[in-house]
Amino acid sequence: MRILLITASLLLVSFAVAQPQRGLNLMPMPSSVEPGAGQLQVDRSFSVAITGFRDATLERGVQRFIVDLSRQTGMFLKQKPVDSANPTLLIHAAHGSEKVQRLGEDESYDLVISKSGAKLTAPNPLGILHGLQTFLQLMETTTSGFAVPAMTIKDQPRFAWRGLLVDVGRHFIPLDVLKRNLDGMAAVKMNVLHWHLYDHEGFRVESKRFPKLQQAGSDGLYYTQDEIRDLIAYAHDRGIRVVPEFEMPGHSRSMFAGYPELASGPGPYPLDPGGVDAIMDPTREETYKFIDKFIEEMTKLFPDDYFHIGGDEVSGHQWDANPKIQAFIRAHGMKTNQDLQAYFNQRLQKILSKHHKIMMGWDEVLHPDLPKTVVVQSWRGQQSLATAAEQGYSGLLSFGYYLDLMWPAARHYAVDPMSGAAASLSPEGKGRILGGEACIWSEWVTPENIDSRIWPRNAAIAERLWSPPEVQDPGSMYTRLGELSWRLEWLGLTHRSSMTSALYRMAGTDDIAALRTLAELVEPVKDYTRMNSLKTALDFRAPLNRLVDIASPESDQARRFRDSVQAYIASAYTNQAAEKEIRALLAAWRDNDARLRPLLAQSFLLQELTPLSEDLSALGAAGLSALDSIDKSEPSTEPWRAQQLTFMERAKTPKADLLLMVVAPVQQLIEASAARTKKP
Ligand code: ACM
């Protein structure tokens, strides 16, 4: 049967008719939705029945669904599935899923909702889990109670690999924090946790065979093997695979703290900031003996078919500096350090193959000597994904999905694994693109702020990887992202609430209203600016309690203000609702500095915000002045505008590693004030 693809905008139009109060708040957008008539009430008589296949995974999934629905509604719902032919929601899976979840398993589901009941069917429990998340997202608060709109959904993912990488090397992330993020991933139908388990700064896995790895290689913060099994089971229950990453030969200095003989240069290798960019010695047989035993232990712990060996950013300084290694390169007819890394990767691949694992690596591993079974993860650009696919390698895209770069959701959303060079691949080449992964690297990430660095933006990437490529309207995305964002906090995610407690700490008092006004209009500097502006090596044990550590990567307030200014200008200054809103905000900002000053003066964490607060007030005053000119149709003077524009340039520069996000729209108002706005 041909599945009808409906774009997000069409969908919103059809739902604007059926449900005048709101659009269709689903994220990711399903591949096909047909609106029905009316809605299904969800009241205290709500019941679920399971027919067909059932196993513990399915039953626990249904149980969680009922708990989530109870939490969303505040109702005491029947906690167990019922034995009824007429439940509110009937669930039917045809058969079971694989014991160890496999890449490419069927994840499709059909959800039919009518006034009298809903039916969720799927080939296996994976589809049921996804369909239950869709049902939860459809829940609305209406004038007559809770309800889900009637509709028919047929849904399946566009890509089989939809992942999130979490780096726990730089800063340790405890199990409970990872678990709530797995809940968030399940809510947006992501299916791979890529666990970056160590880096130069810390080794986070218990090895029983080589205990000095975690003992010498961490600050005491690592996962025991029981904890790792627990997390994998938790993920499996939610339809999420766990792929571990063990960085080799670079990014692995923490391994050398306990086993310096693995490195290519003389140690010791303490876990201090600014240590050397140490890498493994691929010329010693002992290195491979160690790796073989280590991998054997880790492959028993991590059941997934795939095993990531890192392979990125191998600087080679230690290889250059070691005459024995250079002699080895020459003796084996190699020319470069890259050839030596390819030799190392080939040896690694054989070890992994012996332990029944498929090797993955970052795009630096791409080399003609590697077998085509290796999966390449592109992070330095989209070209490497296309090149790999063309040469016969499967691949994943992460370039464009780095959440730590603090980009707005729309910028990630616009990146498609099939765009750029991949667009001109043959059908076979395209078929090798498995999907993508969002990445959160943890240089500036803590258990406190990690949720706010992942959510809600990660949901935009999840949609890109699940939904049909035609679903790409940023306006619709932001509307649905806003809706999803508050629902995600029901899962225990703290991406919104963590800001409040952090502001209290920074202020040292409970009157944080003026501080919040400023905090909600700034964003951390973008890309690698924060790292590049450091004067010394990053100290991973330094506190992360400044506003830059807390501020949202994307300011909703600033985006809404920009939208209002756009709407006002586009209406030729006639949109009075927009003008009223703009005026109210500008006036509040103008007055905010006077309110915030006493607080800034009394906390060491707030003092660095003084110039930002001054800038915000000046922006408010300038914007109001420009609006007055526009309203009276009396153009502002050239010298005034020149003075304001000079100030705007200063206001755009980062302060305290933060950017004030409302400069550009105020500048637009100032520029607009140059012209007569009304006909004389
Ligand atoms: C990476 O960001 N070095 C994979």
Side-chain angles (χ1 to χ4, degrees), residues 163-185 187-188 190 193-196 199 201-202 204 379 398-413 415 436-462 464 481-482 484-486 488-489 491-503 505-506 519-520 522-531 538 540 542-559 654 656-659 661:
L164 171 66
L165 174 150
V166 181
D167 164 18
V168 298
R170 277 63 179 246
H171 287 104
F172 181 74
I173 303 297
L175 224 54
D176 61 324
V177 178
L178 291 176
K179 284 183 176 176
R180 69 187 188 223
N181 278 284
L182 285 166
D183 289 335
M185 289 171 68
V188 297
M190 274 188 157
L193 172 68
H194 174 158
W195 209 353
H196 185 85
D199 215 294
E201 295 76 15
R204 309 299 185 186
W379 73 281
S398 278
F399 174 80
Y401 300 144
Y402 271 31
L403 294 165
D404 53 306
L405 299 187
M406 305 284 164
W407 293 2
R411 189 165 168 195
H412 294 302
Y413 195 58
V415 178
E437 282 186 358
C439 298
I440 184 69
W441 299 99
S442 74
E443 279 87 351
W444 309 103
V445 164
T446 69
E448 178 179 66
N449 73 10
I450 187 169
D451 296 5
S452 73
R453 270 64 196 130
I454 297 175
W455 306 101
R457 295 175 303 147
N458 185 46
I461 299 170
R464 178 58 51 243
L481 195 66
L484 178 77
S485 183
W486 58 262
L488 286 172
E489 287 231 337
L491 303 175
L493 286 164
T494 62
H495 54 294
R496 293 183 161 212
S497 56
S498 60
M499 158 94 86
T500 303
S501 46
L503 291 182
R505 174 174 63 216
M506 294 174 73
E520 289 183 347
V522 294
E523 293 176 7
V525 286
K526 310 294 157 187
D527 303 316
Y528 295 106
T529 307
R530 190 173 177 191
M531 189 67 75
L538 179 56
F540 287 91
L544 291 175
N545 55 10
R546 299 163 62 211
L547 186 55
V548 63
D549 300 309
I550 306 309
S552 174
E554 182 168 21
S555 160
D556 288 336
Q557 303 280 5
R559 185 169 42 76
D657 293 317
L658 291 162
L659 294 165
M661 298 308 291

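Count residues from 1 along the sequence.
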**Study point:** Point-to-point distance, once rounded to the nearest 0.5 Å, from CZ of Arg180 to CG of Leu491
**Key:** 11.0 Å
Check your understanding: For the side chain of Tyr401 and the backbone of Gly163, is there at least one donor-acceptor N/O pair under 3.5 Å apart?
Key -> no
Study note, to complete from the structure: Residues Leu493 and Gly184: closest non-hydrogen pair is CD1-CA, 3.9 Å
**Study point:** Sidechain-backbone polar pair: Ser555 side chain, Glu520 backbone, donor-acceptor under 3.5 Å
**Key:** yes
Check your understanding: Roughly how far, to the nearest 0.5 Å, is CD of Glu523 from CE of Met406?
Key -> 9.5 Å
Point to revise | From Met185 atom CE to Asn458 atom CG, the distance as rounded to the nearest 0.5 Å | key: 7.5 Å
Study note, to complete from the structure: To the nearest 0.5 Å, atom CG of Leu403 lies from atom CG of Leu164 at 7.0 Å
**Study point:** Backbone N/O of Arg496 and side chain of Glu489: donor-acceptor pair under 3.5 Å
**Key:** yes
Practice item. Kindly give the heavy-atom pair with the smallest separation between Leu488 and Ala187, and that separation in Å. Key: CD2-CB, 4.0 Å
Review point. Which heavy-atom pair separates Val166 from Ile450 by the least distance, and what is that distance?
Key: CG1-CD1, 3.9 Å
Point to revise | Option among Trp379, Trp441, Phe172 that satisfies the ring-ring contact (aromatic ring centres under 6.0 Å, His included) test with His196 | key: Trp441
Check your understanding: Does Arg530 come within less than 4.0 Å of Asp404, counting only side-chain N to carboxylate O?
Key -> no
**Study point:** Closest non-hydrogen atom pair between Ile461 and Ala438, with its separation
**Key:** CD1-CB, 3.8 Å
Practice item. Could you tell me whether the side chain of Lys526 reaches within less than 4.5 Å of the side chain of Arg411, counting heavy atoms only? Key: no
Exercise for review: Quickly, which of Asp451, Asn181, Asn449 forms a side-chain contact (heavy atoms from CB on, under 4.5 Å) with His495? Name it, please.
Suggested key: Asp451
Review point. Looking only at heavy atoms, what is the nearest atom pair of Glu437 and Leu165, with distance?
Key: OE1-CB, 4.2 Å
Point to revise | Atom pair CZ/CD of Arg170 and Glu201 - distance to nearest 0.5 Å | key: 5.0 Å
Exercise for review: Would you name the heavy atoms of Pro524 and Pro553 that are closest together and state the gap between them?
Suggested key: CD-CA, 3.9 Å
Check your understanding: CE of Met531 to CH2 of Trp444: how many Å apart, nearest 0.5 Å?
Key -> 5.5 Å
Practice item. Would you check, one step at a time, whether the test side chain to side chain contact (heavy atoms under 4.5 Å, CB included) holds for Glu554 with Arg559? Key: CA-CA 8 Å; Glu554 182 168 21; Arg559 185 169 42 76; 4.0 Å; yes
Review point. Counting N and O atoms only, with roles assigned by atom type, does the side chain of His171 sit under 3.5 Å from a partner on the main chain of Thr446, one being a donor and the other an acceptor?
Key: no
Review point. Got a sec, which residues hit ring-ring contact (aromatic ring centres under 6.0 Å, His included) with His194, two or more places apart in sequence or on another chain?
Key: His308, Trp362
Check your understanding: Counting N and O atoms only, with roles assigned by atom type, does the side chain of Asp167 sit under 3.5 Å from a partner on the main chain of Gly169, one being a donor and the other an acceptor?
Key -> yes
Review point. Is there a side-chain contact between Gln557 and Ser552, using heavy atoms and a 4.5 Å cut-off?
Key: no
**Study point:** Presence of salt bridge, Arg546 and Asp549, under 4.0 angstrom
**Key:** no
Check your understanding: Quick one: does Arg457's side chain have a donor or acceptor within less than 3.5 Å of a partner on Trp407's backbone?
Key -> yes
